[in-house]
Amino acid sequence: MAAQILPFPKPASAPSSPIATYLWVGEAHRKLADLHAAGHLPARRLVVEASRLRHQRELIAAVRDAGGEIVLDTEVAELASIGKHAGRARGAPWALPEGAGPLGPDHFRPDASTDVIGQIARLAVSSGVTGVLSPAHHLGDPGFRDWMSVDSDACLALRTALDREGGQAIPIDYPLIVPSAMLNDPSQRGLLVAMLGRLPIDHVWLRVVGLGADAGPLQMSRYLSAVAGLHNLGKPVIADHLGGLPGQAALAFGVVSGIAQGIGERERFDTGDWHKPAKPRTDDAKFGRAARVSIPGLNRTLTRAELDVLASAKNGRRICGCADRACCKHGYDSMVADPRGHAARQFFSSIARLEAVPDLRRETFFLGHDGPMAKADRTAREIKALRPDAAEAARHNVDPEALMKRLADHSRTTEKIRTTLETIHETRGNDVPRARVAALRSGGVPKSATGKP
DNA sequence: CGTAGATCAGGATCCTCAGA
DNA sequence: TCTGAGGATCCTGATCTACG
């Protein structure tokens with residue numbers, strides 16, 4: 001089948017708004033730095049964690065000097081949780097000394113001796129980031145119920161501290177970390193909007209507990225309507241930790257201005273293990289998650305072993321492999337040899353495709369025959385029909401029946417998501433207000449534009 | 001190069017809610 | 001009132017990656 005490349009007509013009345021695409025650098029920072037150096041990572045907006053900032057300086061400098069945006073995550077939500085405060089986040093400068101427990105509400109008062117707010121402001125200025133995520137917490141924290149007022153004060157105090165420390169030009173974004181029940185309830189949502197409306201913030205980043213790339217049809221439709229309920233704030237909304245089809249759908253339906261995720265990480269958000277102590281490491285315990293490969297268009301990842309089993313079926317390599325030669329030169333083999341590179345290129349190209357479509361046609365494009373939704377549905381059905389080789393499955397220690405059942409379930413869910421989104425598309429009018437555009441806020445004139453090296 | 005750290009996905013169970 | 005689908009929550013298994 002020949003590729004059909006039909007340019008979309010772009011009259012002035014049909015603008016294509018830019019999509020704010022934030023990339024959480026995360027654990028893959030070396031891989032991402034390599035991709036960026038090779039010109040294969042078109043990232044213009046990065047999010048970096050305070051605990052990892054010092055390891056990511058090169059990538060940060062490269063993106064910032066090219067006129068990009070760098071947003072600092074303070075990790076205070078993790079540092080205030082029982083389960084996470086002793087983990088990686090403890091590398092943040094304002095973490096308490098070992099054994100001193102999580103950060104509590106008192107550490108965020110403007111007069112606190114630990115001066116967390118002042119430390120955040122000084123690091124933001126000295127590290128040269130172009131924005132900061134306000135020090136905000138998980139609003140569903142079972143250990144402390146009133147983070148909202150503490151965080152609200154902390155945000156105001158951070159603005160004052162930034163202005164005092166020479167960071168007047170550094171904007172604050174607000175990470176709203178909420179249980180879905182709180183977001184979906186109109187009265188609680190009203191409280192959130194009222195609080196956010198009083199704060200000196202640019203954008204709202206929305207991290208919904210339990211929501212992610214694997215969301216089902218009900219969760220997705222609830223999310224789409226709940227986020228639209230934040231629009232009277234008049235501020236851009238970024239869908240944080242929302243990867244895959246749910247993230248793309250939120251963009252296509254115009255309820256969010258942008259998206260923030262990592263590559264093969266931070267595509268979902270869950271606080272399940274935040275409120276209980278981390279398990280002690282046992283001697284024979286092994287760590288490390290299975291390397292996973294994202295299947296083009298499927299909205300799912302599989303382990304390398306599972307993928308090899310599927311590839312043993314007739315047509316398996318063709319259906320599962322990357323058909324984009326600009327991404328994976330040798331198809332399936334290139335894809336499994338470099339899963340992160342593949343995932344990064346696919347992520348950015350999916351955003352670019354959506355961005356090229358005029359705003360008012362994005363829903364139609366998303367749901368249409370050549371759009372991501374239909375492709376996911378089609379691919380899921382093709383994959384569930386594969387008949388993998390039993391010997392190959394045994395060799396990889398994979399139960400082929402269990403695998404194919406999971407893939408059949410995935411196909412069923414994908415079909416339901418499609419039906420649900422089509423219904424939403426048909427029932428709501430075309431005059432639905434869209435999220436405000438989040439303009440690029442670079443830290444100043446790009447070095448390349450000054451004429452001096 | 002050894003040690004230490006996490007995230008993703010699957011599955012079980014219980015709950016909620018809508019439709020029969 | 002029953003029933004099933006989907007979601008919330010919790011647990012487990014997988015066997016990577018950063019960093020000193």
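Chain identifiers are assigned alphabetically (A, B, ...) following the order of the sequence lines, protein sequences preceding nucleic acid strands; residue numbering begins at 1 within each chain.
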(message) Once side-chain contact (heavy atoms from CB on, under 4.5 Å) is applied, do any residues pair with A:Val309, and if so which ones, sequence neighbours excluded?
(response) A:Pro388, A:Ala393, A:His396, A:Val398, A:Leu403
(request) Round to a whole Å and report the spacing from CZ of A:Arg88 to C1' of B:dA4. (result) 13 Å
(request) Could you pull out all residues at least two apart from A:Ser411 that satisfy side chain to side chain donor-acceptor pair (under 3.5 Å)? (result) none
(message) If I take atom CZ in residue A:Phe269 and atom C1' in nucleotide B:dA9, what distance separates them, rounded to the nearest angstrom?
(response) 17 Å
(message) Give me the distance, rounded to whole Å, that separates B:dA6 from C:dT12 when you measure between the C1' atoms they each carry.
(response) 14 Å
(message) Considering only residues two or more places apart or on different chains, which pairs with a residue in residues 171-190 of chain A satisfy salt bridge (Lys or Arg N to Asp or Glu O under 4.0 Å)?
(response) A:Asp173-A:Arg441
(request) Apply side chain to side chain donor-acceptor pair (under 3.5 Å) to A:Asp141 and list each qualifying residue two or more places apart in sequence or on a separate chain. (result) A:Trp147
(request) Rounded off to whole Å, could you give me the CZ-to-C1' distance for the A:Arg90 and B:dG5 pair? (result) 8 Å
(request) Could you please name the option among B:dA6, B:dC8, B:dG10 that lies closest to any side-chain atom of A:Arg406? (result) B:dG10
(request) Compare the minimum distances between each of C:dT17, B:dA9, B:dT7 and the side chain of A:Arg340, then state the nucleotide with the smallest one. (result) C:dT17
Please report, to 0.1 Å, the donor-acceptor pairs under 3.5 Å made by any side chain of residues 374-384 of chain A, with sequence neighbours excluded.
| from | atom 1 | to | atom 2 | distance (Å) |
| --- | --- | --- | --- | --- |
| A:Asp377 | OD2 | A:Arg418 | NH1 | 3.0 |
| A:Arg378 | NH1 | A:His369 | O | 3.2 |
| A:Thr379 | OG1 | A:Lys375 | O | 2.6 |

(message) Just the rounded figure in Å: distance from P of B:dA9 to NE2 of A:His241.
(response) 13 Å
(request) Find the distance A:Leu307:CG to B:dC8:P and express it as a whole number of Å. (result) 19 Å
For residues 235-247 of chain A, which side-chain donor-acceptor pairs fall under 3.5 Å, sequence neighbours excluded?
| from | atom 1 | to | atom 2 | distance (Å) |
| --- | --- | --- | --- | --- |
| A:Lys235 | NZ | A:Ile201 | O | 3.2 |
| A:Asp240 | OD1 | A:Trp24 | NE1 | 2.8 |
| A:Asp240 | OD2 | A:Arg207 | NE | 3.0 |

(message) Output the rounded distance in Å from CH2 (A:Trp274) to P (B:dA6).
(response) 12 Å
List, with names and distances, any nitrogen or oxygen atoms from the protein found under 3.5 Å away from nitrogen or oxygen atoms belonging to nucleotides 5-9 of chain C.
| from | atom 1 | to | atom 2 | distance (Å) |
| --- | --- | --- | --- | --- |
| C:dA5 | O3' | A:Lys416 | NZ | 3.3 |
| C:dG6 | OP1 | A:Lys416 | NZ | 2.5 |
| C:dG6 | OP2 | A:Lys416 | NZ | 2.7 |
| C:dG7 | OP1 | A:Leu218 | N | 2.9 |
| C:dG7 | OP1 | A:Gln219 | N | 2.5 |
| C:dA8 | OP1 | A:Ser180 | OG | 3.1 |
| C:dA8 | OP2 | A:Gln219 | NE2 | 2.8 |

(message) Any non-hydrogen side-chain atom of A:Leu302 less than 4.5 Å from a side-chain atom of A:Leu310?
(response) yes
(request) Sticking with atom C1', work out how far B:dT3 lies from C:dT15, rounded to a whole angstrom. (result) 16 Å
(message) A:Gln56: which residues meet the side-chain contact (heavy atoms from CB on, under 4.5 Å) condition with it, sequence neighbours left out?
(response) A:Val25, A:His29, A:Val48, A:Arg52, A:Ile60
(request) May I ask you to decide whether A:Asp333 forms a salt bridge with A:Arg317, counting only side-chain N to carboxylate O separations under 4.0 Å? (result) yes
(message) For A:Arg345 and A:Asp338: C-alpha separation, side-chain torsions, deciding distance, then whether side-chain contact (heavy atoms from CB on, under 4.5 Å) applies.
(response) CA-CA 11 Å; A:Arg345 288 183 292 266; A:Asp338 182 17; 4.0 Å; yes
(request) Taking side chain to side chain donor-acceptor pair (under 3.5 Å) as the test, write out the residues that go with A:His137, two or more places apart. (result) A:Asp151
(request) Extract the stems that DNA chain C is part of, considering only consecutive pairing runs of at least three Watson-Crick or G-U wobble pairs, both distances under 3.5 Å. (result) B:1-5 with C:16-20, B:7-20 with C:1-14
(request) Would you mind reading off the distance between A:His410 atom NE2 and B:dG10 atom P, rounded to a whole angstrom? (result) 10 Å
Protein-nucleotides 18-20 of chain C N/O pairs closer than 3.5 Å?
| from | atom 1 | to | atom 2 | distance (Å) |
| --- | --- | --- | --- | --- |
| C:dA18 | OP1 | A:Glu27 | O | 2.5 |
| C:dC19 | OP1 | A:His55 | NE2 | 3.3 |
| C:dC19 | OP2 | A:His29 | NE2 | 3.0 |
| C:dG20 | OP1 | A:Arg54 | NH2 | 2.8 |

(message) Under the rule for side chain to side chain donor-acceptor pair (under 3.5 Å), what residues qualify as partners of A:Arg266, not counting sequence neighbours?
(response) A:Glu49
(request) Report the distance from atom CG of A:Asp214 to atom P of B:dG10, rounded to the nearest whole Å. (result) 8 Å
